[in-house]
Amino acid sequence: MRRGFKAEAERTAEEIRAAMGKRPADPIDALELAQHVGAEVRRADELTSLEKLETLEELQPGAFSACTFSVGSRHVIVYSPLATIGRTQSDISHEVAHIILKHEMKTVETVGGMAFFTCDPDEEQEANWLAGCLLLPRRLLYLAARRGLDAVAIAETYGVSEPMAAFRLRTTGVMRQLEAARASRPAP
Ligand SMILES: [Zn+2]
């Protein structure tokens, strides 16, 4: 990821959440995020059969989670109905992040007879990072950790997947910040 991107993503997420009228510690719904950027969201089984999706999932687990189609200036996010709610939140937010970052879907990959558009690997990483910032911004994590919530509790409270909560706790350094704040407090 290019230098400065992580801090930028954190700021972008804060701005977007504020524009949506969310306070720093409010949970966010990926569908609302999509609506905010003007994207339409569809379940993949509205476009193809559930059976086909299940066969594909057996063939190559996780091959299809979500993707975005651009029709002129219109974005349509299609997501798999087979994933957990937490996972779906991440997948849709990832697609929203691509839209916010104005990434162009260029590579077409075919999996199980279905074609998907993907971005280059750098852009995929950026979208993952921004999606994490949107769902669990640093400020939210700090406040949650201060209340004693761990990754499991954060996942439950904010409707995200546990790996996402653990990843954000680890990479934002909020635990270290919290320990430092506690250590500098004078003993009673
Ligand atoms: Zn992507």
Side-chain angles (χ1 to χ4, degrees), residues 1-2 5-6 9 12-13 16-17 20 27-137 151-152 154-156 158-171:
M1 257 180 288
R2 69 183 156 76
F5 176 80
K6 291 181 180 179
T12 302
I16 287 172
R17 291 174 55 100
M20 289 171 71
I28 212 162
D29 180 32
L31 290 174
E32 246 183 284
L33 262 178
Q35 201 178 27
H36 181 75
V37 300
E40 198 182 303
V41 180
R42 299 285 205 90
R43 280 167 56 121
D45 57 333
E46 290 176 50
L47 308 170
T48 183
S49 71
L50 191 60
E51 204 187 337
K52 243 188 182 168
L53 293 165
E54 282 166 346
T55 309
L56 175 63
E57 184 61 27
E58 270 167 42
L59 204 73
Q60 202 172 326
F64 172 71
S65 52
C67 65
T68 303
F69 296 95
S70 299
V71 189
S73 60
R74 210 165 59 102
H75 298 288
V76 183
I77 297 172
V78 182
Y79 71 96
S80 169
L82 303 176
T84 62
I85 291 171
R87 186 64 228 211
T88 301
Q89 284 267 78
S90 297
D91 293 339
I92 295 177
S93 301
H94 173 99
E95 297 304 319
V96 170
H98 276 310
I99 295 170
I100 293 169
L101 296 167
K102 299 189 167 60
H103 289 162
E104 277 185 40
M105 312 286 155
K106 27 194 175 240
T107 323
V108 181
E109 274 178 45
T110 314
V111 185
M114 290 166 77
F116 305 105
F117 297 93
T118 56
C119 292
D120 65 49
D122 278 353
E123 290 180 338
E124 289 306 326
Q125 272 195 329
E126 287 184 2
N128 277 339
W129 191 269
L130 179 57
C133 296
L134 286 163
L135 291 173
L136 298 173
V152 178
I154 289 173
E156 253 172 46
Y158 295 98
V160 298
S161 72
E162 220 179 286
M164 166 67 92
F167 170 77
R168 287 290 292 162
L169 275 177
R170 202 171 55 239
T171 54

Output yes when a side-chain donor or acceptor of [X] lies under 3.5 Å from a complementary backbone atom of [Y], and no otherwise.
X: Gln89; Y: Leu135; value: no
X: Arg43; Y: Pro81; value: no
X: Arg17; Y: Leu134; value: yes

Give me the atom names and distance for the closest heavy-atom approach of [X] to [Y].
X: Ser80; Y: Thr88; answer: O-OG1, 4.2 Å
X: Ala165; Y: Ala155; answer: CB-N, 4.1 Å
X: Ala127; Y: His98; answer: CB-CE1, 3.5 Å
X: Ala97; Y: Ala131; answer: CB-N, 4.1 Å
X: Ile77; Y: Ile92; answer: CD1-O, 4.3 Å
X: Ser161; Y: Ser90; answer: OG-OG, 4.1 Å

Tell me, do [X] and [Y] make a side-chain contact under 4.5 Å, heavy atoms counted?
X: Ser49; Y: Glu54; answer: no
X: Trp129; Y: Phe167; answer: yes
X: Val41; Y: Val76; answer: no
X: Phe64; Y: Thr48; answer: no
X: Thr12; Y: Ile100; answer: yes

ask   = Which is it for Thr68 and Val78 under the side-chain contact (heavy atoms from CB on, under 4.5 Å) test, yes or no, and what are the steps along the way?
value = CA-CA 6 Å; Thr68 303; Val78 182; over 6 Å; no
query = Passes side-chain contact (heavy atoms from CB on, under 4.5 Å), Arg2 versus Glu126? Steps please.
reply = CA-CA 9 Å; Arg2 69 183 156 76; Glu126 287 184 2; 3.9 Å; yes
inquiry  = Glu57: which residues meet the salt bridge (charged side-chain N to carboxylate O under 4.0 Å, His left out) condition with it, sequence neighbours left out?
reply    =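 Salt bridge (charged side-chain N to carboxylate O under 4.0 Å, His left out) list for Glu57, sorted by chain: empty.
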query = Can you list the steps and then say if Leu130 with Leu101 is a side-chain contact (heavy atoms from CB on, under 4.5 Å)?
reply = CA-CA 9 Å; Leu130 179 57; Leu101 296 167; 3.7 Å; yes
inquiry  = Atom CD of residue position Glu46 - does it have more than 12 heavy atoms of other residues, nucleotides or ligands inside 6.0 Å?
reply    =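 Yes, because the 6.0 Å sphere around CD of Glu46 holds more than 12 heavy atoms from other groups.
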message = Going by side chain to side chain contact (heavy atoms under 4.5 Å, CB included), Leu136 matches just one of Ile28, Val160, Leu169. Which one?
response =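 In the set Ile28, Val160, Leu169, the residue that makes a side chain to side chain contact (heavy atoms under 4.5 Å, CB included) with Leu136 is Val160.
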Working to the nearest 0.5 angstrom, can you tell me the gap between [X] [atom1] and [Y] [atom2]?
X: Asp120; Y: Glu104; atom1: CG; atom2: CD; value: 10.5 Å
X: Glu162; Y: Thr84; atom1: CD; atom2: OG1; value: 10.5 Å
X: Arg87; Y: Asp91; atom1: CZ; atom2: CG; value: 4.5 Å

ask   = Do Glu124 and His94 meet the criterion of a side-chain donor-acceptor pair at a distance under 3.5 Å?
value =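 Side chains of Glu124 and His94: pair found under 3.5 Å.
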message = Can you confirm whether the side chains of Glu95 and His75 place a donor and an acceptor under 3.5 Å from each other?
response =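 Checked: Glu95/His75 side chains show no N/O donor-acceptor pair below 3.5 Å.
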query = Pairs in or reaching into residues 29-41: which pass side chain to side chain donor-acceptor pair (under 3.5 Å), with residues at least two apart or in two chains?
reply =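 For residues 29-41: Lys22-Glu32, Glu40-Arg42, Glu40-Arg74.
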